[in-house]
Amino acid sequence: MAVSAPGAVLALRALGLGDLVTSVPALRALRRSFPDRRLLLACPRPLHGLVRLWRLADEPVDARPLERVPLEPTERVEVAVNLHGRGPQSTERLLETRPGRLVAFAHDAVPSTAELPAWDAEEHEVVRWCRLLAECGIPADPDALELPVRGGDASSGAVVVHPGAAAPARRWPASRWAAVARVLRDEGHEVVLTGSRAERPLCARVAGAAGLSAESVLAGDTSLVELAALVGRARAVLCGDTGVAHLATALAIPSVVVFGPTSPARWGPRPARDRHRVLWAGTTGDPHGERPDPGLLEIGVADVVLAAREVLD
């Protein structure tokens, strides 16, 4: 009598770069706890190269936020793990795979989750997913975050300035990034500007105002794997509350992170990582707002320059 192959462990994290990085300890915990199961990670296709580079899963699955997880019809899911959010939509997408076991946070709209762990809105993002696993009997260490630096033709020793962010509320003004970049350039540092293809005009404006060459603008010229290699060889990273900040933390690269409407207690570098400087006015607001957060604007050029000198020292 034929014995069927073991079912897979399916983790859902169909979000962005920073979300992938903050889930690394949880994904490593799943790998350790289920060594004889295939680990699938449902995440957007642009992240698949990093998933393979860092060996976070046996196979990435192309997935979009809150849409059906496109598994092969023959794929059997033994354990489905919601690392995406509290639900209910993300949990319902996993239940559609008919898993033998669900690991997720409880939500009133999904009765089958009533006995599962409770969501804590104030919890640090790295700790949250490790606690979820631990309370479901899967040991997880939130400090198991460091990532290896591998591959790529990165510019060694540059200061990476990443002026963009997903929402205007988290974007420190371009003129201020330019002033910081000019000071660093005048002090003898090589400065490069990173971002997505859509952020290339923003980076070009910063470069022009800072007196940097066009060659310093790398926005849109790097894949995420190449960006990770660039960050991994940088002298320091200066950015807002965005995915590159999490890359710097995980790759152990000194950083200065400018926070606005979101507390760094939830998304900043963990306290033990003392090579990073977090600047925050202490106020919170809408992280998806259409204008720079007032608290973000309280942080001045001199504050960022001083922090940059500290981490570069």
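By convention here, the first residue in the shown sequence is residue 1.
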For residues 103-121, the side chain to side chain donor-acceptor pair (under 3.5 Å) pairs (sequence neighbours left out) are none
What residues, two or more places apart in sequence or in another chain, satisfy salt bridge (charged side-chain N to carboxylate O under 4.0 Å, His left out) together with D221? R200
Is it true that R266 and E122 make a salt bridge, defined as a side-chain N closer than 4.0 Å to a carboxylate O? no
Sequence neighbours excluded and cut-off under 3.5 Å, please list the side-chain donor-acceptor pairs for residues 300-313, or say none.
unit_1, atom_1, unit_2, atom_2, d
D303, OD2, G300, N, 2.8
R309, NE, E187, OE2, 2.9
R309, NH2, E187, OE2, 2.4
E310, OE1, R277, NE, 2.9

Looking at side-chain heavy atoms only, is the closest gap between T284 and T262 below 4.5 Å? no
Among residues two or more places apart or on two chains, list those pairs meeting ring-ring contact (aromatic ring centres under 6.0 Å, His included) that have a residue in residues 237-257. H246-W267
Can the ring centroids of W129 and F105 be said to lie less than 6.0 angstrom from one another? yes
For the pair R38 and D58, find out whether any cationic side-chain nitrogen is under 4.0 Å from an anionic carboxylate oxygen. no
Which is it for L41 and L20 under the side chain to side chain contact (heavy atoms under 4.5 Å, CB included) test, yes or no, and what are the steps along the way? CA-CA 10 Å; L41 176 59; L20 174 67; 3.8 Å; yes
Is it true that L15 and V24 fall in one hydrophobic cluster, defined by side-chain heavy atoms closer than 4.5 Å? no
Ignoring hydrogens and angles, state whether a donor on the side chain of H189 or R235 is under 3.5 Å from an acceptor on the partner side chain. yes
According to a hydrophobic-cluster definition based on side-chain heavy atoms being under 4.5 Å apart (Ile, Leu, Val, Met, Phe, Trp, Tyr only), do V206 and L238 belong together? yes
Can you name the side chain to side chain contact (heavy atoms under 4.5 Å, CB included) partners of R170, sequence neighbours left out? A165, A166, A167, D241, P261, P287
Set of side chain to side chain contact (heavy atoms under 4.5 Å, CB included) partners for T74, sequence neighbours left out: E72
Residues R13 and T22: side-chain donor-acceptor under 3.5 angstrom: yes
Are more than 12 heavy atoms, taken from residues, nucleotides or ligands other than R291, located less than 6.0 Å from that residue's CZ atom? no
Any heavy-atom pair between the side chains of L279 and V257 that's under 4.5 Å? no
